[in-house]
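I have placed the structure first, in the form of structure tokens, so that the comments after it can refer back to it.
Computed from heavy atoms alone, side chains included, the values below leave out hydrogens, waters and symmetry copies. Letters go in sequence order (proteins before strands), and every chain restarts at 1.
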Amino acid sequence: MAEEKKYRQFQVSKDLKRLMAKHYALGRYYRYWGRPLRRKLAWITSGAPVELLRAFKIYSVYPEQYGAICSTAKATEKLCQAAEAAGYSQDLCSYARSHIGSILRPDLAPMQGLPKPDLLVACNNICGTVLKWYEALAHLLKVPLLVLDTPYLPGEQTEHAQQYVLEQLQSMVAHLEALTGRKLDRQELKRQLTRSAEMTKLWREIRELAQAHPSPLNGPDLFIQMAPIVAIRGSQEGIDYYRKLKAETEERVRRSEGSILEEKIRLVWDNIAIWPKLFSFTKMFTERGACFVTDTYSGGWTAELAPGDPMESLAATYTEIFLNRSPEFRAQQMIQLIEAYGANGFVLHSNRSCKPYSLVQEVIRRRVMKKTGVPGLMVEADMADPRAYAEESVRTRVEAFLETLQA
Amino acid sequence: MDITMVKAEEELTFLLEEAVLRGKNAAERYPEQRFFGYLCSYYPEELILAAGLEPLRLLPGSDPANPAELPSYCCSLARGTLAEAKKGKSGLVGVGMAHTCDTMQCLDGIWSDRFGRENVLPIVPPVLLNAPGARRYYQREIEELSAKLLRLSEIKRSFSNEEALEWAWQVCTRARQLAAELDELRPRLPSPLVSALLRAGQLLPKERFIEALLTVLPLLHIKAGEDSGRYRVLVSGAVLETDSLFQMVEDLNGRVVADDTCTGYRHYAQNIVGGANDKIRVDEAPRDSRDSQSQNSMNSRESVLTQIVQRYVTMPPCPCRSQGLEKRLDYLEALALKRGVQGAILAIRKYCEPHAWDAVPLKERLEVRGIRTLILELEASEVGGQERTRLQAFLESLSN
Ligand code: SF4
Ligand code: SF4
């Protein structure tokens, strides 16, 4: 309760609950009406070109988001143990482990697991893990797997990488045509891209409102409100929801209402949220007037669509996402956020599960501190597995960090 | 003993010493060579050689390493090689890694942050080796890397890079052929010996390795005993910088008759997937210059480059590349059956995701074929008392 007093809830959040519940409930119906309507259900990675699937009337659900749901529902530990008992190492990404656990033990899983898919679609722009995870899923479930290989970019995008991705997209179209029995409707793809772009723009604008002092948004707001941009990107309902959220956020700014009651310190967050401790972790900061005004994680869904015809645009946009780029690029991104949002510090969640996000963070931390003079704190935890969270040591580090910032 | 055998013994000792040294002070020991350090068997050694440099596979040192740039939950291969590089004094002209897993991707960024992008030359092979456009993409990556290596090396010579590539291709092919001959003898030779010789080939100047192995092979043919009656096992895994595991298998009356490790035979194996009949589609060839004058040299360049691409695309897949999971399982099953293994040891370096993922379906597949499989998680490549107990129980179970 004490937490609520220090924290302002968004009115619109009750719509969010309904929206997401509906999204998952609809997925469940595909078992019944998918076949007669020739509509397929896909499991898809968060960085895959969902617009293409939507153009084929494929309904997509996101096992990564489901991993976060399991975690907030406190189911991760048991689900991970189920996967571990089947031989999956404890060092594998906890989204993947808990999701595989939910297939092996639906009785332990929120919503009894995700509805079984007709196909799997993975894009390795976020990590190599998703390829292995989806290979394992294809092997377990005996359903087709489509993979989009977006080469890592040590420097700038290259023409041959873009061409390679484009060719794969074209071949993905052929596979989707065969799987769905539909021809690609290019107009529909264009419409999907336009709607995605509109929703992404709204999400970007909402986030930019947090440049205001005090910030209308804090870390948990960003992490909770990102659900639609991940799961229902490009849907009219998602667009409508973000319009309402934007209006409410603007209202907060007009009234100079911060997300936390007394904002004294402004921080940038790096990496996925610590879902099992989302509120208790943030509380250590809000208690001392520290607000996470922006972050790199939920900001991953704000990239503008690259120009060009729809397929070229998809190829470039999905290859250039930040997790597919060098630490130099990511440090620069952090510096820009610190400057634009007037941050006094940054916190990097060294996330055991997510190696591509985490292994370069120390290099980024040093680089950013050197260039900006703004201090950065590293905290080791895991985005979903509560077993990797050492409460006391995290608290000591956070307190010491905030004290230096206050001094 | 005749003189050639005396020479062969000497050369064998030399190769084994090199294997133990793991490339340490290579630049000092071979002052006439210039070394370029690389990580991962998908880094085309041919390009390094053609640029007048010697490829040197980077391996972790013998002490546990925890460089500040990397968290504890990162594999000891990345931690160890970074720690070695930070010591400086390696005398390397530059380093490069082939993009494989998330960890290697990060290591590339960390290295280039520390040593400068111009000295750290990555290559990003396609992950989906048989995706449309993958070969053309790979070839362009190879061409660009080749140009960067030439710039780094600043070599001046009287012949063209095409000729240099052709020569380098032949050198590497020769090394691979000799390694294949050695691998055939594996069931009849002590396992740590074979593992050490194959590792030496990734640490020594290439032509020196070929010369030594050519001298040693006749001796090995003589040394190769009868089929040993030991437990026949397959070992699969990533990098093994020492022979510790192979030694322990041997101590426990086992024999590694089939090897699928990054630093073992997989590094050398040719044309496994697809094989010679796997034709390269004409539309996959690069469309570069149309200039008829340069057409001849273009053709030779294309052919050597396409050969290089073909080799890396068709070598036995590691878990970081994909032609569909089943391809790798099929290959390993076939290898296990061909060599008549009774058991398989899947050596997984702690925190190595790609190998840990594949271990689950691989164990399932091999066990269906009646091949008992042990997943052995190791911090590095050294095995100790705990592993001994597990290995002993495992090997003894093979007689049942
Ligand atoms: S490794 Fe990271 S990016 Fe990949 S699925 Fe796990 S959390 Fe997501
Ligand atoms: S494949 Fe495994 S052992 Fe090799 S660098 Fe990657 S994580 Fe480390």
Side-chain angles (χ1 to χ4, degrees), chain A residues 86-89 91-93 96 100 124 127-129 131-133 135-136 138-140 145 147-155 158-161 163-168 170-171 324-331 350 352-364 366-367 378 380 388, chain B residues 67-75 78 99-110 112-114 117 120-122 124-128 131-134 136-141 143-144 286 319-320 322 324-326 329 348 350-354 356-361 363-364 375 377:
Chain A
Y88 294 94
S89 159
D91 298 321
L92 300 176
C93 163
I100 287 181
N124 61 359
C127 61
T129 285
L131 173 67
K132 304 310 296 175
W133 174 4
E135 277 181 352
H139 186 76
L140 273 171
L145 164 62
V147 182
L148 184 67
D149 175 19
T150 46
Y152 163 64
L153 301 175
T158 60
E159 211 185 305
H160 62 286
Q163 182 60 29
Y164 169 47
V165 178
L166 184 60
E167 282 185 57
Q168 291 175 73
Q170 279 153 354
S171 130
N324 207 28
R325 309 201 66 161
S326 67
E328 193 185 335
F329 179 91
R330 282 172 52 190
S350 177
R352 291 177 77 89
S353 266
C354 187
K355 297 190 172 66
Y357 218 144
S358 307
L359 297 191
V360 282
Q361 279 174 312
E362 182 55 21
V363 162
I364 293 175
R366 291 181 191 180
R367 211 176 238 259
M378 187 90 80
E380 193 172 314
Chain B
E69 291 82 353
L70 285 168
S72 58
Y73 54 87
C74 162
C75 76
H99 182 264
T100 48
C101 62
D102 295 334
T103 303
M104 273 298 134
Q105 170 173 318
C106 292
L107 198 57
D108 169 66
I110 295 171
S112 73
D113 182 74
R114 191 173 176 100
R117 192 21 104 207
V120 181
L121 306 180
V124 186
V127 170
L128 306 178
R136 182 162 46 231
Y137 162 77
Y138 201 1
Q139 185 154 330
R140 284 293 300 156
E141 278 286 296
E143 283 169 345
E144 288 193 1
C320 299
S322 175
L325 176 60
E326 304 303 321
L329 303 186
I348 317 282
K350 179 89 178 138
Y351 305 119
C352 169
E353 291 216 11
W357 274 110
D358 274 14
V360 184
K363 180 171 164 49
E364 178 192 293
I375 298 179
E377 190 181 85

Quick one: what part of [X] sits under 4.5 Å from any heavy atom of chain B, side chain, backbone, both or neither?
X	result
A:S350	both
A:R330	neither
A:L131	side chain
A:A86	backbone
A:E380	side chain

B:E69 and B:R114 ion-paired at < 4.0 Å: yes

Ion pair check, B:E353 and A:K355, cut-off under 4.0 Å: yes

Under 4.5 Å from a heavy atom of chain A, the part of B:L107 involved: neither

Side chain / backbone / both / neither for B:E141 at chain A, heavy atoms under 4.5 Å: both

Donor-acceptor pair, side chain of A:D149 and main chain of B:V127, under 3.5 angstrom: yes

Check: B:V120 main-chain N/O paired with B:R117 side-chain donor or acceptor under 3.5 Å: yes

Exercise: do B:D108 and A:Y152 side chains pair donor with acceptor under 3.5 Å: yes

Any donor-acceptor N or O pair under 3.5 Å, side chains A:H160, B:Q139: no

Residue among B:A78, B:A68, B:A356 with most heavy-atom pairs under 4.5 Å to chain A: B:A68

Residue selection (most heavy-atom pairs with chain A, distance under 4.5 Å) from B:P122, B:P125, B:C352, B:P319: B:P319

When A:S89, A:S358, A:P151, A:G87 are compared by non-hydrogen pairs under 4.5 Å with chain B, the top option: A:P151

Option that, when pairs with chain B are counted at under 4.5 Å, heavy atom only, ranks first among A:E328, A:R366, A:M378: A:R366

B:Y137 and A:Y164 aromatic ring geometry - parallel, tilted or perpendicular at 30°/60° bounds: parallel

A:T150: side-chain hydrogen bond (donor to acceptor under 3.5 Å, both in side chains) partners, not counting sequence neighbours: A:N124

